[in-house]
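Here's the structure, in structure tokens; my notes come after.
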Amino acid sequence: MTPNKTADQAAQRAAALRAQLEDANYRYYVLDDPTLADADYDRLLRELEALEAAHPELASVDSPTQRVGSSPSGQFDEVRHAVPMLSLGNAFSDEEVADFVRKIVERLDVEAPEFSVEPKLDGLAISLRYEGGHFVQGATRGDGATGEDVTANLRTVKAIPMKLRGEGWPPVLEVRGEVYMPLAAFKAYNEKALRDGGKVLANPRNGAAGSLRQLDPRITAQRPLAFYAYAVGVVEGYELPPSHSATLQQLREWGFPVSAESGVVAGTEGLLGYYRQMGAKRDALPFDIDGVVYKLDDYAGQREMGFVSRAPRWAIAHKFPAQEQSTVLEGIDIQIGRTGAATPVARLRPVQVAGVVVTNATLHNADQIARLDVRIGDTVIVRRAGDVIPEIVRVVPEYRDPHAPEWRMPEVCPVCGSEIVREEDGVVWRCSGELTCAAQRKEAIRHFASRRAMDIEGLGDRYIEDLSDLGYLQSVADLYKLELADLLEMKRRADERDGTTPETVKAGKVATKWADNLLEAIDHSRNTTLERFLFALGIQHVGESTAKALALWFGELELVRRLPWPLFKRVPDIGGEVARSLGHFFDQPGNQQVIDDLLQREVKIGDAHPPTPKLREGLNLATLLVDMEIPKVTKIRADQLATAFGDAHKLLDAPEHAYITAGLPADSAQALASWLSVDENAQLLTRVGEALAQLDALTPAASATASGPLDGQTAVLTGTLTALTRDEAKVRLEALGAKVAGSVSKKTAFVVAGEAAGSKLDKAQELGVEVWDEARLLAFLAENE
Ligand code: IVH
């Protein structure tokens with residue numbers, strides 16, 4: 001719809017859009033059951049924005065379009081809380097909880113009072129005022145009596161309803177609750193801050209508090225804050241249900257998020273059971289909680305219990321062990337990853353954090369250390385939340401030894417002694433030792449054996465350590481040399497080294513069993529695919545999808561391992577950086593040796609096939625000259641050179657003035673000459689020329705000149721194949737001369753129908769086109785490849 005309509009139509013459409021968007025928010029934040037896709041939400045929101053822009057009379061502060069934040073204010077006004085915002089007393093032990101319950105039992109003379117139990121989220125307490133069902137004002141808790149007016153910021157928090165749902169709500173209603181930052185949002189925020197060199201948030205609580213206190217609501221709008229309601233303040237002209245739990249249910253119906261973890265239990269037993277249950281769940285929750293809250297459920301009982309100073313006698317917070325602790329930074333170790341990245345890791349004086357002893361914390365990178373300005377010997381605050389790796393959040397400057405020097409990245413690798421060099425991006429430091437570095441070797445073996453690579457089950461970290469340290473594994477290829485005697489000897493030496501007691505006969509049998517299993521798993525991994533093999537080599541920048549693309553395009557290890565790097569750029573999605581990384585890897589004699597050893601020790605790649613015919617499309621001297629990234633040799637210049645010289649050898653032999661004759665301007669000619677005067681570059685061009693000739697001969701020609709069995713035929717693939725993917729099937733059919741199309745027509749030669757094939761199969765049957773099942777396809781491929 002366009003915004004070009006009558007005022008009446010526009011108003012109607014705007015109302016419909018608002019209702020739809022509000023409903024989507026409600027489903028997402030309150031019911032936790034989203035029905036609208038993000039893209040659809042955005043589309044509806046944009047339509048509403050356009051309508052409001054074209055019809056300014058439709059604008060309203062509680063429109064979903066206003067969630068992006070209004071313009072900044074100079075300062076926050078004060079808000080007095082008519083009903084004070086109280087705090088809670090704390091309990092840290094079971095006895096304190098029992099005490100709390102005992103006082104209620106005695107005063108109210110009930111046996112096992114019922115409590116509403118809720119998680120205690122670590123965020124910022126706020127109060128929201130609704131008049132006639134519309135959000136009119138939001139305030140922070142402040143000192144409990146007076147807070148700050150943060151209405152504009154709260155309007156950007158999508159979990160807070162701007163209009164109440166349903167009907168029959170009180171004419172005036174204050175709802176209280178917690179604004180918090182979910183852990184995923186907190187992590188994402190900090191990762192981005194680290195990348196951009198910005199300030200990291202110390203914890204999600206600071207994230208929530210800092211975001212709400214922004215003077216510019218547009219900044220708040222970009223912080224993914226959430227909210228849940230846990231109490232009411234002023235209520236006018238309405239009688240609330242008689243209990244807290246029923247009130248929460250009512251709030252939920254009016255459109256407020258209420259924690260799904262809340263419930264009702266009876267007596268001390270019930271409370272402690274809930275505490276344990278939430279404690280066990282704590283690490284898996286998508287937000288930080290620092291405890292649970294118990295509230296006497298019955299309002300009449302609450303009134304009777306009353307208050308002591310600023311806290312109710314009918315409620316208490318039962319705290320979990322703190323997630324932050326202070327300890328001493330005893331040292332900074334350097335961990336070397338698979339590709340040599342050197343990551344500083346804090347070695348800490350052991351400290352209990354949230355129930356777990358922490359001895360190490362991540363420091364991310366050297367920049368992070370500089371930003372925190374941590375020095376060895378410092379007293380630091382360590383934080384552990386959820387499954388997140390413990391982190392150092394800040395230094396306690398008061399305890400610093402004034403002579404402590406700044407920390408610097410060591411110049412050499414602590415494992416192999418090679419130089420540590422800083423990458424161009426300035427953030428990553430790398431050990432230059434590659435596979436001569438034991439640390440990188442171990443990581444390389446771990447990666448090689450991992451499930452998505454060679455999938456050697458049972459080769460755990462411990463065995464990798466011991467086998468490497470005791471000299472049984474110099475490279476991944478040595479895995480295929482291991483014998484039962486080696487493994488048993490390794491185990492015996494490791495036990496000796498660790499002072500483990502000698503094995504009994506029975507334990508000896510167990511030891512043999514693991515060794516047998518491991519050898520069998522290693523043997524099993526010998527039969528692999530090119531994709532897994534290439535991924536397993538652990539080449540920098542070569543993940544699973546790049547490995548898969550290489551396998552599909554080139555088909556054969558023998559080809560891939562000999563190609564000069566510019567050829568890799570022929571594969572879509574492979575750019576200069578990845579191509580160079582591949583070239584660099586295969587240029588190392590040590591790496592080639594490892595590949596030779598693997599093949600010699602009978603690692604078999606079962607799915608070799610010719611390069612895809614598509615390769616031929618871009619395979620000529622001109623494109624490769626561009627791929628080589630020669631300064632000033634653009635596409636036009638490369639075409640001129642290719643036309644004039646025809647092949648790489650002639651180009652190499654030509655004097656500089658011949659480039660001019662070919663049509664190159666003087667500066668390009670000069671740039672090319674000086675590039676080629678570097679030996680390495682001249683060699684690269686020679687290799688590229690050779691590879692071009694070799695691939696020309698190897699690549700099944702594209703359809704026009706093809707002579708494959710499927711030459712000139714069009715195939716269509718549909719449904720799910722089980723033995724191979726559609727991509728693989730496509731490449732292999734193309735290799736035999738077929739064209740693979742996306743839709744069925746009378747010209748289609750045959751349709752390959754996998755499981756659950758749908759309309760394309762119907763169409764084929766309707767047109768009388770031949771249909772192959774997967775078995776027939778496989779038989780055909782086996783016969784013709
Ligand atoms: S009830 C009269 N319920 O904890 C009771 N508070 O120490 C008032 N908090 O300022 C608070 N989750 O920021 C209550 N489910 C919950 C809570 C909760 C977190 C915070 C709130 C409050 C502080 C009290």
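By convention here, the first residue in the shown sequence is residue 1. Atoms within a ligand are numbered from 1 in the order they appear, just like the ligands themselves.
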TODO: Pick, from Gly144, Ala125, Ala317, the option with the minimum heavy-atom distance to atom 10 (O) of ligand 1.
DONE: Ala125
Open item on the list: Applying the side-chain contact (heavy atoms from CB on, under 4.5 Å) criterion to Val117, which one of Leu271, Val292, Val264 satisfies it?
Closed with: Leu271
TODO: Find all atoms of ligand 1 within a distance of less than 4.0 Å from any non-hydrogen atom belonging to Pro312, and give their numbers and elements.
DONE: 2 (C)
TODO: Using the ring-ring contact (aromatic ring centres under 6.0 Å, His included) rule, pick out the option among Tyr130, Tyr230, Tyr29, Tyr26 that qualifies with Phe256.
DONE: Tyr130
Task: atom 13 (O) of ligand 1 [closest protein heavy-atom partner, distance rounded to 0.1 Å] - done: Glu178 OE1, 2.6 Å
- [ ] Examine the proximity of ligand 1 to Tyr180 and report which part, side chain or backbone, both or neither, has a heavy atom under 4.0 Å away.
- [x] neither
Open item on the list: Can you tell me which portion of Pro119 lies within the under-4.0 Å heavy-atom range of ligand 1? Options are side chain, backbone, both, or neither.
Closed with: backbone
Open item on the list: Quick check on contacts: which atoms of ligand 1 are under 4.0 angstrom from a heavy atom of Leu88?
Closed with: 5 (C), 6 (N), 7 (O), 24 (C)
Open item on the list: Please identify which of these residues, Arg176, His81, Arg141, Gln137, meets the side chain to side chain donor-acceptor pair (under 3.5 Å) condition with Ser127.
Closed with: Arg176
TODO: Select one of side chain, backbone, both or neither to describe which atoms of Lys295 lie under 4.0 Å from any atom of ligand 1, heavy atoms only.
DONE: side chain
TODO: Take Arg371 and Gln368 through the side chain to side chain donor-acceptor pair (under 3.5 Å) test and state the conclusion after the steps.
DONE: CA-CA 5 Å; Arg371 219 171 286 131; Gln368 170 75 348; 3.3 Å; yes
Task: Minimum-distance protein heavy atom relative to atom 12 (N) of ligand 1 - done: Tyr228 OH, 2.8 Å
Task: Contact partition for Glu118 relative to ligand 1, non-hydrogen atoms under 4.0 Å - done: side chain
Open item on the list: Students often mix this up, so state it plainly: with edges at 30° and 60°, are the rings of His244 and Tyr299 parallel, tilted or perpendicular?
Closed with: perpendicular
Task: Top protein contact for atom 11 (C) of ligand 1, by heavy-atom distance - done: Tyr230 CE1, 3.8 Å
TODO: Below 4.0 angstrom from a heavy atom of Leu121, which ligand 1 atoms are there? Numbered from 1 as shown, please.
DONE: 12 (N), 19 (C)
Task: Charged N-O contact under 4.0 Å between Glu96 and Lys319 - done: no
- [ ] Look at Asp149 together with Arg129 and state whether they make a salt bridge at an N to O cut-off of under 4.0 Å.
- [x] no
Open item on the list: Which label fits Tyr294 and Tyr274: parallel for a plane angle under 30°, tilted from 30 to 60°, or perpendicular past 60°?
Closed with: perpendicular
Task: Nearest-neighbour protein heavy atom for atom 8 (C) of ligand 1, which is reported as residue plus atom name and distance - done: Leu86 O, 3.8 Å
